[in-house]
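Structure record follows, encoded as C-alpha cells.
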4 protein chains.
Amino acid sequence: MPKVGMQPIRRSQLIQATLEAVDQVGLSDASIAYIARVAGVSNGIISHYFQDKNGLLEATMRHLMAALSGAVRQRRSTLHDDTPREHLRAIVAGNFDDSQVSGPAMKTWLAFWAASMHQPSLRRLQRINDHRLYSNLCCELRRAMPVDQARSAARGLAALIDGLWLRGALSGDAFNIEQALHIAYEYLDQQLAKAEDSNVGANSFAKGSAAAPFNTPGQTSDLLSD
Amino acid sequence: MPKVGMQPIRRSQLIQATLEAVDQVGLSDASIAYIARVAGVSNGIISHYFQDKNGLLEATMRHLMAALSGAVRQRRSTLHDDTPREHLRAIVAGNFDDSQVSGPAMKTWLAFWAASMHQPSLRRLQRINDHRLYSNLCCELRRAMPVDQARSAARGLAALIDGLWLRGALSGDAFNIEQALHIAYEYLDQQLAKAEDSNVGANSFAKGSAAAPFNTPGQTSDLLSD
Amino acid sequence: MPKVGMQPIRRSQLIQATLEAVDQVGLSDASIAYIARVAGVSNGIISHYFQDKNGLLEATMRHLMAALSGAVRQRRSTLHDDTPREHLRAIVAGNFDDSQVSGPAMKTWLAFWAASMHQPSLRRLQRINDHRLYSNLCCELRRAMPVDQARSAARGLAALIDGLWLRGALSGDAFNIEQALHIAYEYLDQQLAKAEDSNVGANSFAKGSAAAPFNTPGQTSDLLSD
Amino acid sequence: MPKVGMQPIRRSQLIQATLEAVDQVGLSDASIAYIARVAGVSNGIISHYFQDKNGLLEATMRHLMAALSGAVRQRRSTLHDDTPREHLRAIVAGNFDDSQVSGPAMKTWLAFWAASMHQPSLRRLQRINDHRLYSNLCCELRRAMPVDQARSAARGLAALIDGLWLRGALSGDAFNIEQALHIAYEYLDQQLAKAEDSNVGANSFAKGSAAAPFNTPGQTSDLLSD
DNA sequence: GATGAATGAGTGTTCATTCAT
DNA sequence: CATGAATGAACACTCATTCAT
C-alpha cells in the first residue's frame, strides 16, 4: 500500500473527507476517527500529513478560501466589460459559487466561523477572508463613488452577501442562488444609482459605473425576477 | 443552604454562566465543569435543573431569543407612529439591541447556529427565530408593497441584518451599532422608495432611489403609510 | 459508591497502586489504566484526585521521601546517646528502612531518578532528597571533624549509601540490609577514626565529637586538599 | 547513495544518535522517529540494522559496556607495578572514564538501569556489568586479604563507585572526577590498610598492598595525585 | 540500501452523566 | 437542595513496526 509521492493526494483526500464529515455530523462530532473512516484511511495518517487535527481544519479552511478566491477570480477574468458593476457582480456571484453554497461547504464555513472566535489559527484565516471580500468590493466601488460612500456600500454589500449566505445555510434547504443573486444585485445597483445621482450635473459618470438601463426599475425587475 | 424556590434563580444563574463560559472559551470548551465553576456551583446541579447539557444550551438559546423578542417588542410598543417604516426600523433596531450584540451573546448565537445544523432541539429554535424575523419584516413590508416584493425585501433585509450582525461578531471589535443601523435603515428606505415608485403609476418623478424625502421622517411616514 | 471525604483514602490508595504497578511492570508500562486496575478503580479517578499522571507520580515520590524522612527521624529520636556516631548510624539505617528497600520502593525510586533527569517536577524533588541526605550527614560529621573533612566524608557516605541501595535494587534479590549496614557503618567508623587520629595530642576525644581543634585551617587544608 | 559495507557505520551512527537522544529528551521520549531524526536517517532504517527498538537499545548498552571495559582494560595495561592497589585504582578510574561520566552516558546508563528491572535483555546485560565490576574488584582484593574480607570490600567499593557515579549523574552538574577518585581511592586504601593490620605479626604483606604508609598524610598526598 | 507511507493499538486526558451522601 | 465522588466511553495524539517502492 505505501507509495511515495502520496502527500498531495492524501491531503486533498483528507480535506474532502473533513468537509463530508462536518456535513454529516458537524464539526464537534467530526472526530479524527470519523474523518479517517470517511476517507477510508487509518487514524494515524492524519498526524502524518497534518501536524494535528487543527492542522487539518486549517488546511480545510484554506481549501474553502482558495475555492472562493478561484470562483471570484475566474468570473472577473471573463467579464464583458471592465465596469465596476461587472466586477462587483462577479465578486457577488463568486461568493455564491457552487463550491461555496454546497451543504458541506456551508456547514463547514459556519462551523469554522464559530470556532474561529476562540482558535487563533482559524481566526487569522477568517479575518483574511472577511477583509478580502470587503477590500475587493470597496476597491471597485471606489471607482464609482467617493471613498466614504464606497466604504459604506462595501460594508452593506459584504453584509448582505454573508447574510444571504448565512440564512441560506441555516435554512436547511438547498441554497437558492438565483434569489440570493437577485437581492444582492439589486442592492448593488441601488448603491451605484445613488452614487450616480449624487454625480448628476457634474456629469462625471464618464469614469462611471452603472449604465443607464440598469437604473430602470422596470427592466431590472423583469430581467431578474424569478 | 438549600432553599425552596431556588429554581428560577438557579436557572438564570446557570444560563448567565453559560453565556460567560461560551464567551470565554467557546462552546466546545464550555464543559459542564467549566460552566459550573463560572456559576460557582457544583457540577451535579446542572443535571438537577436542566435534564442534561443540551437542556442547558437549549434554555440558553431560548433566553437569547426571548431577549431578542423583548428588544423588538419594546421598541415597537413605543413608536411615534404606526407606519410600516417605524415598525420596520424598530425591528431592525431590536436586532441590534445591546443584549444581542454583546460579546457573550454574539459568540453564543454563532456557536448555536453552527451547532443547530446537527442538533434537532437547537435547530427547531433557530428556525423559529429565523422565521420570526422574516415574518415580522414581511408582515410590515406587505403594508407598503405587493406581497412578492415584500417577500423579497424581507429576505434582503433579514439577510442584511444577519450579515451585519455576523460580520460584527466576526470582526472581533466592539459592535458598531450606529453603522449597522445606518446601512440597514438605508436599505429599508430604498426598498420602501422602490415600492413607492412602483405605486405612483404615472408620476414616478424620480428614476430612482431619491434620497432626500425619505430622510424626513414626517414626509416619509406620510408617503408610506397605507 | 461515591462518598464524601474520600480524598485522603483515595490518594493513598492510588499511591500504593502506583508503587505496585511500577514494581510489576516498570514506570514506562505503568499506564494510568494499569494503575487504576491495580487500585481497583476507574481510569478517570486519577485525574479527579491528581491533576494528571505527573501529579500522581510526584505524589508517589513525595510519599517515598516522607517515608524516608520518617524512618530517619524515628531512629534519631530514640538514640542511646547524642553522639554524632549514633546520629549518623541512625541516618544510615533509616536509608535502609524496610519502606525504602522493598521491591516496589526500590524500583520506583530508580525509575523516578531516571525520569527526574528530564522532568522538572521530579527533578526538584530528587534534588531536595539528595541534598537532605548529604546535609544531614554533613551536619553530624561536622561535630566530629573539620568542615572540609566532613564534607568529603558526607559525600562518601552518601554515595556509599546510595550505591549500596542501587546495587541492591539492581541485584534482583531481596535487599540484604545487614550486609549494607555493615559496610556503611564500617565506612562511617573509619571516617570518624581518621578524624580522631588527626586529633591526637589535644585529647578532646572525650565526648567523641569534639569540635575546636578541627577548625584549624592549616591542618585541615593540608589533610584534605585534593 | 546506498553503499555496501555500511552496516558498521550505520550501527555506530545510530548508537551515537540514541545516546544523544536519551541525553536530550530521556529514554521514554527517545522515540525511533526522534532518534532517526537525530541521526539524520529515515525511521525505517532502524529496523533494518537492529531488529527493533529494543535491539537498538541493547546495542547501545553494549556499546557503553564495551567503552567501560575498554577504559578499565587500557588503564590496567599500563600500570607502574602489578600490585593489587594499582589494579584496583585502575578499575576505579576506568569507571570514571570520560566515556562513562559524560552527560549522554550517565543519563543513558541510568535509564537503562531503570529499564533493566523489567526488560530481560537489558537486565542480562546489566547483571553482567554489575558482576564484572564486583568480580574484578574482588579478584584483586583477594590478593591482599582473605576472601570474606575481599568480598565485603568489593561490595563496598563497587557500591561506592556506583554511588559516586549515581550522585554525580543526578546532581545535574558536570561530574567531578577528581573528587570521586579521591573518595574512592581513600576507601580503597582504608580497606587495604585494614587488611594489612590484620596481617601484622605474620608478615605476609609481601604479596600485599602496602599498609602503613597510607595513613601518613604526606605520603598519601603524593600517592593520590595523578 | 534506504525511504517514508501506512497502520492500529495504546497513551493520557476530558467529559457528561449518575448517584450516595 | 446540593455536593462531589465515581464512572467509562471518547477524544486527539504518539508510536513501533511493516512494507511497497
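Every chain is numbered from 1, with letters handed out A, B, ... down the list of sequences.
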Filtered N/O pairs between nucleotides 11-15 of chain F and protein, under 3.5 Å:
unit_1	atom_1	unit_2	atom_2	d
F:dA12	OP1	A:K53	NZ	2.7
F:dA12	OP2	A:I32	N	2.9
F:dC13	OP2	A:K53	N	2.6

A:S42 side-chain proximity, nearest of F:dT7, E:dT7, F:dA2: E:dT7
What's the CD-C1' distance between C:Q7 and F:dT3, to the nearest Å? 14 Å
Under 3.5 Å donor-acceptor, A:H118 side chain and B:V22 backbone: yes
For residues D:Q7 and D:Y49, report the shortest heavy-atom separation together with the two atoms involved. CA-CE2, 3.6 Å
How close do C:A59 and C:F50 get, counting heavy atoms only, and between which atoms? CB-CE2, 3.4 Å
5′-ward residue of the pair B:Y34/A:H48 relative to DNA chain E: A:H48
Nucleotide E:dA5, atom P - distance to CD1 of A:I46 in whole Å: 15 Å
Judged by atom type as modelled, is there a donor-acceptor pair below 3.5 Å linking the side chain of A:T18 to the main-chain atoms of A:L14? yes
Listing, residues 103-111 of chain C side-chain donor-acceptor contacts under 3.5 Å, not counting sequence neighbours, or none:
unit_1	atom_1	unit_2	atom_2	d
C:K107	NZ	C:D23	O	3.1
C:K107	NZ	C:D23	OD1	3.1
C:T108	OG1	C:P104	O	2.6
C:W109	NE1	C:Q100	OE1	2.8

Could you tell me how far apart C:Y49 (OH) and F:dA6 (C1') are, to the nearest whole angstrom? 8 Å
Quick one: which of A:Q16, A:R11, A:R10 gives a side-chain contact (heavy atoms from CB on, under 4.5 Å) with A:Q13? A:R10
Between C1' on E:dG1 and CZ on D:R11, what's the gap in Å once rounded to a whole number? 16 Å
Taking the side chain as every heavy atom from C-beta outward, state whether D:L19 and D:L64 have any atom pair closer than 4.5 Å. yes
Dot-bracket for DNA chain E, 5' to 3', counting Watson-Crick or G-U wobble pairs under 3.5 Å, with [ ] for crossing pairs and | for inter-strand pairs? .||||||||||||||||||||
State which residue, out of A:M61, A:M65, A:E58, fulfils the side-chain contact (heavy atoms from CB on, under 4.5 Å) condition with A:F112. A:M61
Please report, to 0.1 Å, the donor-acceptor pairs under 3.5 Å made by any side chain of residues 34-45 of chain A, with sequence neighbours excluded.
unit_1	atom_1	unit_2	atom_2	d
A:Y34	OH	A:Q24	OE1	2.5

Just compare F:dT7, F:dT3, E:dA5 and give me whichever is closest to any side-chain atom of B:I45. F:dT3
What is the distance, to the nearest angstrom, from the CZ atom on B:R10 to the P atom on F:dC1? 10 Å
State whether the side chain of A:T60 and the backbone N or O of A:L56 hold a donor-acceptor pair below 3.5 Å, judged by distance alone. yes
Tell me: CD of C:Q13 to C1' of F:dA5, nearest whole Å? 12 Å
Counting only heavy atoms and a strict 4.0 angstrom limit, can you tell me which residues of residues 15-26 of chain B come near DNA chain F? none
Let me have the donor-acceptor pairs involving side chains of residues 120-127 of chain A, under 3.5 Å, with sequence neighbours excluded, atom names and distances please.
unit_1	atom_1	unit_2	atom_2	d
A:S121	OG	A:N54	ND2	3.0
A:R123	NH2	B:L170	O	3.2
A:Q126	OE1	A:S116	OG	3.4
A:Q126	NE2	A:D130	OD2	3.2
A:R127	NH1	B:S171	O	3.2
A:R127	NH2	B:S171	O	3.0

E:dT14 C1' sits how many Å from B:I35 CD1, rounded? 15 Å
In this structure, how many angstroms lie between the C1' atom of E:dT13 and the CG atom of C:L56, rounded? 14 Å
